[in-house]
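Below: one structure, written as structure tokens.
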Protein chains: 2
Amino acid sequence: MTKANNVIMNEEEIIHKIRKFNRSYVRSIGLLEKKLLNSDYSLTESQILYLVNDQKKTTATEINKILKLDEGYLSRIIKKLISKSLLTKEQSFSDKRIFEIRLTEKGLKEQQKLDTLSSDSIRSIIAHLNKSDQSELANLFNRIMTLLYKK
Amino acid sequence: MTKANNVIMNEEEIIHKIRKFNRSYVRSIGLLEKKLLNSDYSLTESQILYLVNDQKKTTATEINKILKLDEGYLSRIIKKLISKSLLTKEQSFSDKRIFEIRLTEKGLKEQQKLDTLSSDSIRSIIAHLNKSDQSELANLFNRIMTLLYKK
DNA sequence: GTATATTACTTGACTAAAGCAAATATAATT
DNA sequence: AATTATATTTGCTTTAGTCAAGTAATATAC
């Protein structure tokens, strides 16, 4: 794996570099997402479809542990996606407060379509790099994930 | 600098890793921003203040080359920030279509406050890492910037 | 040099996104 | 059995963002 060089930076410099990255990267990803979701689904809707697909069976509360939306707002979005026949909602037998949410066939197709669009948009931002640089990039992202989130 | 290892991945895997990063990282940064801007300024407003400070003197058009907002919306936000005495707007002498935008003293103070909050929020996500890992992290972000944007 | 097009910005009217608080239903706790 | 907590929904409001038309100044084309 990528080996760290051991030049210790001061905290200010570290934070500055991260923030600089955030400004460029988060902005460019944001613009890409906006463009590519144009215009069938909102970003939030597509995130919900992604999560439901990822978890196969889920609930509003589960989704909201990740997305942290307003509960009423989430409830309405789910309702909307059900009305478009992308999701189903079924009351749990063992706990009737809970409603299990799943993708329909149509929902799965739509989510796969969104997935492809999202992959395409990433492809476009790495297209100018050769294979070796692209692989390095993936390793860099991966290493950041490890540092930030695996503990 | 960080040395690439030369294992070439296939494109699918590369894109998968980048998207995985995006989901975690962009989401966590988004949540942080939301929390910390609570609640004096919107994210867009604070971005505008950041840009005006960065560029010292700018225009709506310049800002929008970066933020790509609706022009009418931007116009209104600027108006709002002027009404809060954070910005000034002055018609250019050489081209009277153009209005030069600057931070006021108060605007500068507010932007510095936001800047501090933003730095604090980054500090909080790297706090669990030792100095060496923090430096590595900054280098990783920096290297990504180079790969993606410098060409 | 005047008509036409373009640029920079603004305004009005609107839709979409998101937040807040109260309400309903069920389950868990005391 | 009464109280508290969880999961979701609804009504109402605010904030964010879009669209199209409009004004003013400048640049370009004939």
Side-chain angles (χ1 to χ4, degrees), chain A residues 26-27 30-49 51-52 55 57-84 86-102, chain B residues 26-27 30-49 51-52 55 57-84 86-102:
Chain A
V26 176
R27 183 182 296 145
L31 290 177
L32 272 181
E33 281 174 342
K34 219 178 197 175
K35 205 171 293 175
L36 278 173
L37 293 173
N38 240 354
S39 54
D40 289 341
Y41 306 103
S42 74
L43 177 54
T44 303
E45 285 166 351
S46 84
Q47 289 181 126
I48 290 168
L49 292 174
L51 287 174
V52 179
Q55 307 178 7
K57 183 187 84 178
T58 190
T59 67
T61 301
E62 282 305 308
I63 290 171
N64 232 8
K65 279 180 189 156
I66 295 167
L67 297 186
K68 310 243 167 68
L69 306 168
D70 175 81
E71 289 170 357
Y73 181 43
L74 176 56
S75 173
R76 269 181 260 260
I77 294 178
I78 289 170
K79 197 165 148 192
K80 181 178 166 195
L81 293 174
I82 290 169
S83 81
K84 287 187 167 186
L86 303 177
L87 296 180
T88 57
K89 195 178 74 175
E90 193 183 358
Q91 192 166 34
S92 165
F93 185 71
S94 57
D95 182 345
K96 288 183 176 161
R97 291 170 304 182
I98 290 175
F99 291 83
E100 294 166 350
I101 293 165
R102 290 181 179 75
Chain B
V26 176
R27 183 182 297 145
L31 290 176
L32 273 180
E33 280 174 344
K34 219 179 199 174
K35 206 170 292 177
L36 277 172
L37 293 173
N38 241 353
S39 54
D40 290 341
Y41 306 103
S42 74
L43 177 55
T44 305
E45 284 166 353
S46 84
Q47 289 180 127
I48 290 168
L49 292 174
L51 288 173
V52 178
Q55 305 178 7
K57 184 187 82 176
T58 188
T59 66
T61 301
E62 282 304 309
I63 290 171
N64 233 7
K65 279 180 190 157
I66 295 167
L67 296 186
K68 311 241 165 67
L69 307 168
D70 176 80
E71 289 172 359
Y73 181 43
L74 176 56
S75 174
R76 269 181 260 260
I77 294 177
I78 289 170
K79 197 165 150 191
K80 181 178 165 193
L81 293 173
I82 291 169
S83 80
K84 288 187 167 188
L86 304 177
L87 297 180
T88 58
K89 196 178 73 175
E90 194 183 358
Q91 192 166 36
S92 164
F93 185 72
S94 56
D95 182 343
K96 289 182 177 163
R97 291 171 304 182
I98 290 175
F99 291 82
E100 293 165 350
I101 293 165
R102 290 181 180 76

Winner on side-chain proximity to B:R97, out of C:dC9, D:dA27, C:dA13, is D:dA27
When every non-hydrogen atom of B:L31 is compared with those of A:I66, the smallest separation belongs to CD1-O, 4.4 Å
Q. So, is A:T61 near the phosphate of D:dT8, with a side-chain N or O under 4.0 Å from OP1 or OP2?
A. yes
Of A:L43 and A:Q91, the one whose nearest nucleotide on DNA chain C sits closer to the 5' end is A:L43
Heavy-atom nearest nucleotide on DNA chain C taken for A:K80 and for A:K96; more 5' hit belongs to A:K80
Base, sugar-phosphate, or nothing: which does B:D70 touch, judged by heavy atoms less than 4.0 Å apart? base
Of the candidates D:dA16, D:dT8, D:dC12, the side chain of A:R76 sits closest to D:dC12
Taken to the nearest whole Å, CD/A:E62 to C1'/D:dT8 is 14 Å
Rounded to whole Å, OH of B:Y73 lies from P of C:dC9 at a distance of 18 Å
Heavy-atom closest pair (A:K96 atom, A:F99 atom, distance to 0.1 Å) is O-CE1, 4.2 Å
- prompt: Between D:dG17 and B:T44, is there an OP1 or OP2 to side-chain N/O distance shorter than 4.0 Å?
  reply: yes
Shortest non-hydrogen pair, B:N64 vs B:L69, comes out as OD1-N, 2.6 Å
In whole angstroms, the gap separating P of C:dA8 from CD1 of B:I98 amounts to 6 Å
Please work out if B:K89 contacts a base, only the sugar-phosphate, or nothing of the nucleic acid, heavy-atom cut-off 4.0 Å. sugar-phosphate
A:I77 atom CD1 is separated from D:dT9 atom C1', nearest whole Å, by 14 Å
Taken to the nearest whole Å, CG/B:L74 to C1'/C:dC9 is 9 Å
Find out whether A:I77 and A:E45 are in side-chain contact, i.e. whether some heavy atom of one side chain is under 4.5 Å from a heavy atom of the other. yes
Rounded to whole Å, CZ of B:F93 lies from P of C:dA8 at a distance of 19 Å
Rounded to whole Å, the CD1-P distance (B:I48 to D:dA16) equals 11 Å
When rounded to whole Å, the NZ to C1' distance for the pair B:K68 and D:dT18 reads 17 Å
Please check the phosphate of D:dT10 (OP1 and OP2 only) for any side-chain N or O of A:K79 closer than 4.0 Å. yes
Scanning both residues in full, the closest heavy-atom pair of A:K84 with A:D40 reads NZ-O, 3.7 Å
